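Side chains are part of it too, since the values below use all heavy atoms of this structure and drop only hydrogens, waters and symmetry mates. The structure presented is a predicted model; accordingly, all values stated were derived computationally and were not measured.
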Amino acid sequence: RKRIFFILLFLIMLGSISYFYVNNIFLPVKAKKYAEETASQLLNRPVEFDKLHFELFSGFTTSGIRIYDNSPERKPVISIARARFNVMWHEILRTKNIIIPSLTIIQPKVQIIKETDGTYDLADLWQANNLGAGIGGYNLFLRKIIIRQGSMNYIDRSTELPFQELLAVP
């Protein structure tokens, strides 16, 4: 009985230390930097996160996500207050597929500008060559996106009188 108790105590301590390491050292420093670099490469724009956190039952949470334009001023064109997602770990190990069943995006703010020449400032985000290669040899599959409390600011500079409209999602 004492042996089983000490084994359980050791496993609980090991799990607690691992959880502490992941949330306070690995995610805020190493994984956050890797996620920012990978997202910047995929989107061909600078990307920053304020925080990356993991909860055992609710999965990953990122907060303060900003995607900037490519101008020297680095104006944010997309900002997200918080995003939550889970990853199907067994699929990563078994098939090298990163499967995210659902991504919940909370309070996104998007600014889309149609320039005087008729091009959109965010058009390069949807180019297939950005997403075709996967992430480090892994394929990424996102099944569902849920957006809560979002807004989009649309500015059309291609007309004689510039037009602007703000749309919001509850």
Within 6.0 Å of CZ in Phe141, more than 12 heavy atoms from elsewhere: yes
Within 6.0 angstrom of Leu167 CG, more than 12 heavy atoms from elsewhere: yes
List, one per line, each side-chain donor-acceptor pair under 3.5 Å for residues 97-106, sequence neighbours excluded.
from	atom 1	to	atom 2	distance (Å)
Asn97	OD1	Asn139	ND2	3.3
Asn97	ND2	Thr95	OG1	3.2

Results of ring-ring contact (aromatic ring centres under 6.0 Å, His included) for Tyr68 - residues two or more places apart only: none
Residues which pass ring-ring contact (aromatic ring centres under 6.0 Å, His included) with Tyr19, listed by chain and number, not counting sequence neighbours: none
Shared-cluster residues of Ile113, by chain and number - hydrophobic side chains joined below 4.5 Å: Ile155
Please name all residues satisfying side-chain contact (heavy atoms from CB on, under 4.5 Å) with [X], sequence neighbours left out, ordered by chain then number.
X: Lys33; value: Glu37
X: Lys114; value: Tyr120, Tyr154, Asp156, Ser158
X: Ser71; value: Asp69, Glu73

Under the salt bridge (charged side-chain N to carboxylate O under 4.0 Å, His left out) test, residues paired with [X] that sit two or more places apart:
X: Lys32; answer: Glu36
X: Glu48; answer: Arg66, Arg74
X: Arg3; answer: none

Glu115: side chain to side chain donor-acceptor pair (under 3.5 Å) partners, not counting sequence neighbours: none
All pairs passing side-chain hydrogen bond (donor to acceptor under 3.5 Å, both in side chains) where residues 159-170 contributes a residue, at least two apart: Asn153-Gln164
